[in-house]
Amino acid sequence: MKPAERYDAQAIERTWQARWEADRLYHAADGDPRPKWYFLTMYPYPSGDLHIGHWYAMAPSDAAARYRRMQGYNVMFPIGFDAFGLPAENAAIQHDIHPSTWTMENIERMRRQLRSMGAMWDWEREIVTCDPGYYRWNQWFFLKMYERGLAYRALAPVDWCPRDNTTLAREQVVGENRVCERCGTPVIKRNLEQWFLKITTYAEELLDFSGLDWPERVRVAQKNWIGRSEGVEFSLPVRDHPGKSFAVFTTRPDTAYGMTFAVLAPEHPLVDHLTTPGRRAEVEVYKFKAARASDIERLSTEKERDGVPIGAYAVNPVNGEAVPIFIADYVLLTYGTGAIQGVPAHDQRDFEFARKYSLPIRVVIAPPGWQGGELEEAYLDEGTMVNSGPFDGLPSAEGWQRIAEEMETRGTGRRKVNYRLHDWLISRQRYWGTPIPIIYCQTCGTVPVPDEDLPVTLPMDAQFMPTGESPLKSHEGFRKTRCPQCGGEEAERETDTMDTFIDSSWYQYRYLSPHDAARPFDPKAGLHWLPVDQYTGGIEHAVMHLLYTRFWTKVMRDLGLVDFDEPMVRLVNQGIILGEDSEKMSKSRGNVVNPDDFVTALGTDTVRTYLMFIGPWEGGGPWNSRGIEGAHRFLQRVWALVVEPQPEGDGGVAASEIRELRHRIHATIKRVTDDLEQFRFNTAISALMELTTALGRARSTPVGRTDAWREGVRALLLMLAPIAPHIAEDLWARWGEAYSIHQQRWPAYDPALARAEMITLVLQVDGKVRDRVQVPADITEEDARRLALENAKVRRFVDGKQVADVIVVPGRLVNVVVK
RNA sequence: GCCCAGGUGGCGAAACCGGCAAACGCGCGACACUUAAAAUGUCGUCCUGCGGAACGCAGGUUGUGGGUUCAACUCCCACCCUGGGCACCA
């Protein structure tokens with residue numbers, strides 16, 4: 001007997017990765033006759049190094065894709081890089097390196113690290129979004145939307161650092177007093193002309209998830225984000241200002257008689273017109289304060305409500321009463337009409353506001369048993385209408401409809417569905433992004449860049465240091481241009497760039513034909529591959545990215561580019577991998593796990609196996625450096641099973657022993673198959689561990705020299721292949737099977753063998769376990785009952801008492817109920 | 001404040017439809033192999049009490065308190081705690 005070879009993960013992994021790549025093993029051809037399966041995992045941002053979080057997202061995705069492939073599908077599993085964005089620009093400013101250089105160097109490093117994972121990515125389809133060949137299609141889509149009126153320009157506030165003279169992203173505003181992260185200057189709001197995409201056009205359709213196999217939590221988050229509500233929008237004339245009025249939206253028109261004040265958002269355009277001279281100073285101070293606060297601050301319930309009267313009065317259209325107009329920061333310009341009716345008796349916020357400023361609180365919906373006393377808090381439920389003129393005595397639900405009708409008849413209001421969702425603001429005052437393909441001409445106005453002039457390329461020699469403007473604005477060569485319509489010289493390009501969520505809204509289509517110069521994707525390839533069958537990625541993208549890509553696909557459908565409504569049929573979101581201290585990994589906490597260290601020490605297959613074994617994928621959880629040893633030991637035990645010389649020996653094997661082993665094998669195949677279907681990698685691996693132990697025990701007995709045992713090893717390797725692809729491939733070759741294990745069919749189980757012949761029947765008395773007996777699986781109810789009643793241990797607890805009932809659960813237990 | 005997810009041994013977890021709570025792994029302990037150690041293998045390992053003890057026997061245990069049921073980690077009600085998200089949404 002020669003000594004067995006040791007498991008040398010590094011050598012095996014290097015060898016097989018090179019071979020797979022040379023053989024283009026994972027290239028997914030468009031014309032393949034097998035059924036297609038488009039498996040997409042969210043592409044990474046090239047931040048520098050492949051983080052353990054990337055591994056946690058991608059290794060199990062790869063295993064699931066490999067499993068699908070073994071099920072007989074032609075699987076496409078592409079990869080690329082989300083290469084535009086703020087971090088590159090920050091790195092550039094800090095380290096005086098060009099964002100492009102920084103990004104491309106990171107991509108190069110991450111490609112190497114990604115390859116070390118041994119995933120079945122089809123690198124021939126790689127995309128990099130900062131490549132003009134990619135982002136020209138961002139521009140093309142933008143222009144299509146512009147043509148159809150889905151892209152428009154409007155004033156919108158941004159967070160602004162008055163010292164650096166620059167727009168700040170939310171993450172660049174820090175601390176409770178909201179200062180610029182670079183210079184510490186308090187941030188203010190500034191209105192800029194910016195581009196929007198009309199996602200609200202699709203609000204109703206985006207609420208429809210039928211036909212989508214998406215997690216409940218994502219559907220709920222998107223529903224809440226869209227925030228549909230039904231109500232009435234009506235107009236309030238302003239007293240002493242003929243012709244002036246403003247609209248309010250309410251979901252409670254039934255409370256209209258209870259309005260005792262009105263509130264405008266501090267940013268409301270009418271505020272300046274209506275404020276009386278005596279109120280102006282106080283109003284200005286309040287407006288400034290509101291502009292300093294973040295929405296989250298303004299919306300905090302901890303904070304006391306405050307506001308300022310502007311000196312003007314609005315007339316309640318239902319009863320002609322004049323009520324004071326306030327501004328208050330709890331009213332947001334971006335929701336509804338940016339103005340509300342103040343009904344303190346029936347809205348808690350208005351109630352607190354009215355208390356603070358001693359405004360009347362008029363009950364118009366009587367709570368049950370109400371005697372006309374003062375309320376302690378707003379009454380929000382339905383009730384009987386009072387103090388409401390002709391509507392007194394009506395149930396409020398009916399009053400809702402009657403008042404709405406009356407407003408519509410008189411032309412002062414109309415029923416309306418309102419959404420919380422705003423249009424998508426896509427302008428960024430940044431350098432490192434897709435230029436917006438628009439030209440402003442002194443003569444022709446806003447002119448789209450003609451198709452043949454695309455792409456509008458991002459100049460590499462721009463000054464991207466913070467100077468106070470969009471970096472492209474100071475690049476004369478870029479900014480100054482000729483009008484494509486009139487040829488005039490007095491034309492300038494748009495200098496803002498696009499939100500990077502645009503890149504990721506349609507990248508799944510670009511993978512189909514990443515080098516196509518004539519169109520965003522090849523429709524023939526699209527017919528074969530689309531839509532995406534399975535999408536995986538982090539739960540943090542539950543709303544924005546996943547809503548934008550749904551919107552984008554609906555627009556593409558309306559442009560005739562695709563013939564389906566939803567981009568991804570199935571979605572699974574993994575949880576977050578935490579540091580060993582169960583805290584979020586961060587450099588400042590010092591709990592960041594570097595996957596490269598473990599890959600070097602134990603091998604990729606061990607890291608992959610451990611990440612999948614650690615717990616349910618959708619839950620996330622803490623990393624444990626000790627626990628990974630267990631995964632490594634498991635792979636070593638599989639290794640030993642195949643590689644170590646088999647002990648010689650003789651001896652008869654009973655048919656029942658063979659049946660027992662084969663039962664184990666087939667039951668395991670069933671379990672692992674079911675688990676992988678549902679992304680339950682942890683329990684799949686524990687089933688494989690149990691099978692490995694069983695095969696290891698049988699190995700040194702006569703059963704270890706039977707076909708049944710060899711069938712078990714073969715099945716074990718096949719089932720291990722998606723999880724630990726290198727060791728499975730290597731052992732497959734050593735076992736004498738033909739290359740490659742990754743082109744084999746997933747093992748099938750025989751249902752008859754997967755079923756157990758004997759089961760453990762649990763015998764209970766009053767729900768307490770008193771004995772367990774081995775019985776044939778097909779024992780009759782009658783036999784089970786008799787067995788229980790005759791059982792000595794059961795009788796000890798039954799004797800002397802009366803049996804009230806005997807419950808038999810076939811195949812599981814018998815419960816004898818006494819008394 | 002609201003919404004979502006979750007709370008099970010020393011730790012990560014399992015229990016799929018209401019039917020054996022703790023599979024699998026980590027850690028720990030004992031033993032085997034070894035001159036020794038590492039590695040590997042075997043056995044043990046939720047808590048309490050009673051056994052000299054292998055084997056046992058009895059009771060208890062899934063954040064807390066109730067409820068439904070022959071039977072509850074699982075369903076219902078109330079509460080506490082943790083994590084994530086957010087919108088005072090008129």
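The structure displayed is predicted, hence computed values, not measured ones. The analysis underlying the following values was restricted to heavy atoms, covering all of them including side chains, and did not include hydrogens, waters or symmetry mates. Protein chains get the first letters and strands the later ones, always in sequence-line order, with residue 1 at the start of each.
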**Student:** Stems involving RNA chain B: give each as a range paired with a range, ordered by first number, where a stem means at least three consecutive Watson-Crick or G-U wobble pairs under 3.5 Å.
**Tutor:**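 Expected stems, ordered by start: B:1-7 with B:80-86, B:10-12 with B:24-26, B:27-32 with B:40-45, B:46-50 with B:56-60, B:63-67 with B:75-79.
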
**Student:** Quantified in whole Å, what is the C1' atom distance between nucleotide B:rA15 and nucleotide B:rC73?
**Tutor:**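 Between the two C1' atoms, the distance is 8 Å.
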
**Student:** Pick base, sugar-phosphate or nothing for A:Asn624, based on heavy-atom distances below 4.0 Å to the nucleic acid.
**Tutor:**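 Contact class for A:Asn624: none.
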
**Student:** If you assign A:Arg812 and A:Asp347 each to the RNA chain B nucleotide with the nearest heavy atom, which residue ends up on the more 5' nucleotide?
**Tutor:**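 Checking each residue's closest nucleotide, the 5'-ward one belongs to A:Arg812.
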
**Student:** Both A:Asn682 and A:Ala631 contact RNA chain B. Which one's nearest nucleotide lies toward the 5' end?
**Tutor:**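 Nearer the 5' end of the strand: A:Asn682.
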
**Student:** What's the base orientation of B:rG29: syn (chi within 90° of 0) or anti?
**Tutor:**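 Anti for B:rG29; the angle lies over 90° from 0.
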
**Student:** State, to 0.1 Å, how close A:Tyr749 and A:Pro751 come at their nearest heavy-atom pair, and which atoms those are.
**Tutor:**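 Taking A:Tyr749 first and A:Pro751 second, the nearest heavy atoms are O-CD, 3.4 Å.
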
**Student:** From the set B:rC24, B:rA90, B:rG19, return the single nucleotide nearest to any side-chain atom of A:Phe613.
**Tutor:**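 Looking only at heavy atoms from C-beta outward on A:Phe613, the closest nucleotide is B:rC24.
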
**Student:** Taking atom C1' of B:rA72 as reference, at what distance in whole Å does atom CD of A:Gln764 sit?
**Tutor:**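 Spelled out: CD on A:Gln764 to C1' on B:rA72 is 12 Å.
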
**Student:** Counting primed atoms plus P, OP1 and OP2 as sugar-phosphate and everything else as base, spell out the protein contacts along nucleotides 53-63 of chain B at 4.0 Å heavy-atom distance: B, S or - for each nucleotide, 5' to 3'.
**Tutor:** ----SSSS---

**Student:** In whole angstrom, give the distance that lies between atom CH2 of A:Trp225 and atom P of B:rC86.
**Tutor:**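 That distance rounds to 7 Å.
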
**Student:** Nearest-Å distance, CG (A:Asp766) to P (B:rC20)?
**Tutor:**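 Taking atom P of B:rC20 as the reference, CG of A:Asp766 is at 17 Å.
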
**Student:** Please state how far atom OH in A:Tyr56 lies from atom P in B:rG12, giving the value in whole angstrom units.
**Tutor:**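 Interatomic distance, OH of A:Tyr56 to P of B:rG12: 14 Å.
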
**Student:** Would you please say whether a donor-acceptor pair under 3.5 Å links the side chains of A:Arg415 and A:Gln401?
**Tutor:**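 Result is yes, a qualifying pair exists.
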
**Student:** Measure the distance from CD on A:Glu352 to P on B:rG1 and round it to the nearest whole Å.
**Tutor:**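 Rounded to the whole Å, the gap is 13 Å.
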
**Student:** Which residue, A:Thr668, A:Leu641, A:Ile669, forms the side chain to side chain contact (heavy atoms under 4.5 Å, CB included) with A:Leu716?
**Tutor:**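 Only match with A:Leu716 under side chain to side chain contact (heavy atoms under 4.5 Å, CB included): A:Leu641.
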
**Student:** Which of residues 669-678 of chain A sit near RNA chain B, with a heavy atom under 4.0 Å from it?
**Tutor:**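 Contacts with RNA chain B under 4.0 Å: none.
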
**Student:** Can we call the ring centroids of A:His632 and A:Tyr7 under 6.0 Å apart?
**Tutor:**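 Centroid distance A:His632-A:Tyr7: below 6.0 Å, so yes.
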
**Student:** Is A:Asp8 paired with A:Arg6 through a side-chain N to carboxylate O contact shorter than 4.0 Å?
**Tutor:**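 Result for this pair is no, no salt bridge flagged.
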
**Student:** How close or far is atom P of B:rC3 from atom CZ of A:Arg420, stated in whole angstroms?
**Tutor:**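 Computing the A:Arg420:CZ to B:rC3:P distance gives 15 Å.
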
**Student:** Can you name the atoms? Protein N/O to nucleotides 37-47 of chain B N/O, anything below 3.5 Å, with the distance.
**Tutor:**
residue : atom : partner  : partner atom : Å
B:rC43  : OP2  : A:Arg697 : NH2          : 3.3

**Student:** Mind checking the P distance from B:rC33 to B:rC28? Whole angstroms is fine.
**Tutor:**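 B:rC33 and B:rC28 have their P atoms separated by 22 Å.
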
**Student:** Could you work out the separation of B:rA21 and B:rC26 based on their P atoms and round it to a whole Å?
**Tutor:**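 Here B:rA21 and B:rC26 have their P atoms 26 Å from each other.
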
**Student:** Looking at A:Glu781 and A:Arg786, is any side-chain nitrogen of the basic one under 4.0 Å from a carboxylate oxygen of the acidic one?
**Tutor:**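 Salt bridge flag = no for A:Glu781 with A:Arg786.
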
**Student:** Could you tell me which non-hydrogen atom of A:Ser396 sits nearest to which non-hydrogen atom of A:Ile365, and how far apart they are?
**Tutor:**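 Here A:Ser396 and A:Ile365 meet closest at CB-CD1, 3.6 Å.
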
**Student:** Distance check, P atoms only: B:rA38 and B:rU48, in whole angstrom units.
**Tutor:**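 B:rA38 and B:rU48 have their P atoms separated by 30 Å.
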
**Student:** Could you tell me whether B:rC17 is syn or anti, where syn means a glycosidic angle within 90 degrees of zero?
**Tutor:**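 Base orientation relative to the sugar is syn.
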
**Student:** What's the CZ-C1' distance between A:Arg772 and B:rG19, to the nearest Å?
**Tutor:**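 Nearest whole value for this atom pair: 13 Å.
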
**Student:** Within the 4.0 Å limit for protein heavy atoms, which parts of nucleotides 80-85 of chain B are touched? Write it as a string from 5' to 3', B for base, S for sugar-phosphate only, - for none.
**Tutor:** ------

**Student:** So what does A:Val762 touch, heavy atoms closer than 4.0 Å: a base, only the sugar-phosphate, or nothing?
**Tutor:**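 Base contact.
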
**Student:** Looking at A:Thr337, does any N or O in its side chain come under 4.0 Å of the phosphate oxygens OP1/OP2 on B:rA90?
**Tutor:**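 Answer no for this pair, as no side-chain N or O of A:Thr337 is under 4.0 Å from OP1 or OP2.
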
**Student:** Do A:Arg550 and A:Phe209 form a cation-pi contact, if we require the NZ or CZ to be under 6.0 Å from the six-membered ring centre and within 45 degrees of the ring's axis?
**Tutor:**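 Positive - A:Arg550 is close enough to the ring of A:Phe209 and near enough to its axis.
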
**Student:** Decide if the gap between the ring center of A:Phe261 and the ring center of A:Tyr357 is smaller than 6.0 angstrom.
**Tutor:**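 Ring centres of A:Tyr357 and A:Phe261 not closer than 6.0 Å.
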
**Student:** Give the C-alpha distance, both sets of side-chain angles, the deciding distance and a yes or no for side-chain hydrogen bond (donor to acceptor under 3.5 Å, both in side chains) between A:Thr760 and A:Gln774.
**Tutor:** CA-CA 5 Å; A:Thr760 304; A:Gln774 292 297 118; 2.8 Å; yes

**Student:** Would you mind calling B:rG67 syn or anti? Take O4'-C1'-N9-C4 for purines or O4'-C1'-N1-C2 for pyrimidines, and syn is within 90° of 0.
**Tutor:**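 Anti, since the glycosidic angle lies more than 90° from 0.
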
**Student:** Measure from NZ or CZ of A:Arg680 to the centre of the six-membered ring of A:Trp617 and say whether it is under 6.0 Å with the direction within 45° of the ring axis.
**Tutor:**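 Relative to the ring axis of A:Trp617, which defines the angle, A:Arg680 lies outside at least one limit.
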
**Student:** Test of understanding: with salt bridge (Lys or Arg N to Asp or Glu O under 4.0 Å), list the residues that count as partners of A:Asp423, not counting sequence neighbours.
**Tutor:**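 With sequence neighbours excluded, A:Asp423 shows a salt bridge (Lys or Arg N to Asp or Glu O under 4.0 Å) to no residue whatsoever.
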
**Student:** Within the 4.0 Å heavy-atom criterion, would you say A:Ile807 contacts the bases, only the backbone, or no part of the nucleic acid?
**Tutor:**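 Contact class for A:Ile807: base.
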
**Student:** With P as the reference atom in both, quote the distance from B:rC76 to B:rC17 in angstrom, rounded to an integer.
**Tutor:**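 Pairwise P distance, B:rC76 against B:rC17, rounds to 14 Å.
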
**Student:** Would you call A:Arg219 and A:Glu216 a salt bridge, taking side-chain N to carboxylate O under 4.0 Å as the test?
**Tutor:**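 Yes.
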
**Student:** May I have the distance from A:Asn418 (atom CG) to B:rA87 (atom C1'), rounded to whole angstrom?
**Tutor:**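 The answer, rounded to whole Å, is 12 Å.
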
**Student:** Is the distance from the ring center of A:Phe598 to that of A:Tyr610 below 6.0 Å?
**Tutor:**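 Not under 6.0 Å, so no.
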
**Student:** For B:rC77 versus B:rG10, give the span between their P atoms, rounded off to a whole number of Å.
**Tutor:**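 31 Å, rounded to whole Å.
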
**Student:** Could you check whether A:Arg349 makes a cation-pi contact with A:Tyr330, meaning its NZ or CZ is under 6.0 Å from the centre of the six-membered ring and within 45° of the ring axis?
**Tutor:**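 Here A:Arg349 fails the 6.0 Å and 45° test against A:Tyr330.
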
**Student:** Would you please indicate yes or no on a ring centroid separation below 6.0 angstrom for A:Phe249 and A:Phe234?
**Tutor:**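 Here the rings of A:Phe249 and A:Phe234 have centres that are no less than 6.0 Å from each other.
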
**Student:** In terms of side-chain heavy atoms of A:Thr683, which of B:rA90, B:rA15, B:rC24 is nearest?
**Tutor:**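 Of all the options, the side chain of A:Thr683 is nearest to B:rA15.
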
**Student:** In this structure, are over 12 heavy atoms from other groups packed under 6.0 Å from A:Arg795 atom CZ?
**Tutor:**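 Atom CZ in A:Arg795 is not packed in, count stays at 12 or less.
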
**Student:** Rounded to the nearest 0.5 Å, how far does CH2 of A:Trp214 lie from CG of A:Asn573?
**Tutor:**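 Going from the CG atom of A:Asn573 to the CH2 atom of A:Trp214 covers 8.5 Å.
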
**Student:** Checking contacts here: which listed nucleotide (B:rC3, B:rG25, B:rA90) is nearest the side-chain heavy atoms of A:Asn224?
**Tutor:**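 Output: B:rC3.
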
**Student:** Taking the same atom, C1', in B:rC57 and in B:rU68, what whole-Å distance lies between them?
**Tutor:**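 Straight-line distance between the two C1' atoms is 33 Å.
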
**Student:** Pairing donors with acceptors under 3.5 angstrom, does anything connect the side chains of A:Arg637 and A:Thr693?
**Tutor:**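 Note: A:Arg637 and A:Thr693 side chains meet the donor-acceptor criterion.
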
**Student:** Could you tell me whether the side chain of A:Arg626 has a donor or acceptor atom within less than 3.5 Å of a complementary atom in the base of B:rC26?
**Tutor:**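 Checked by distance alone, the answer is no.
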
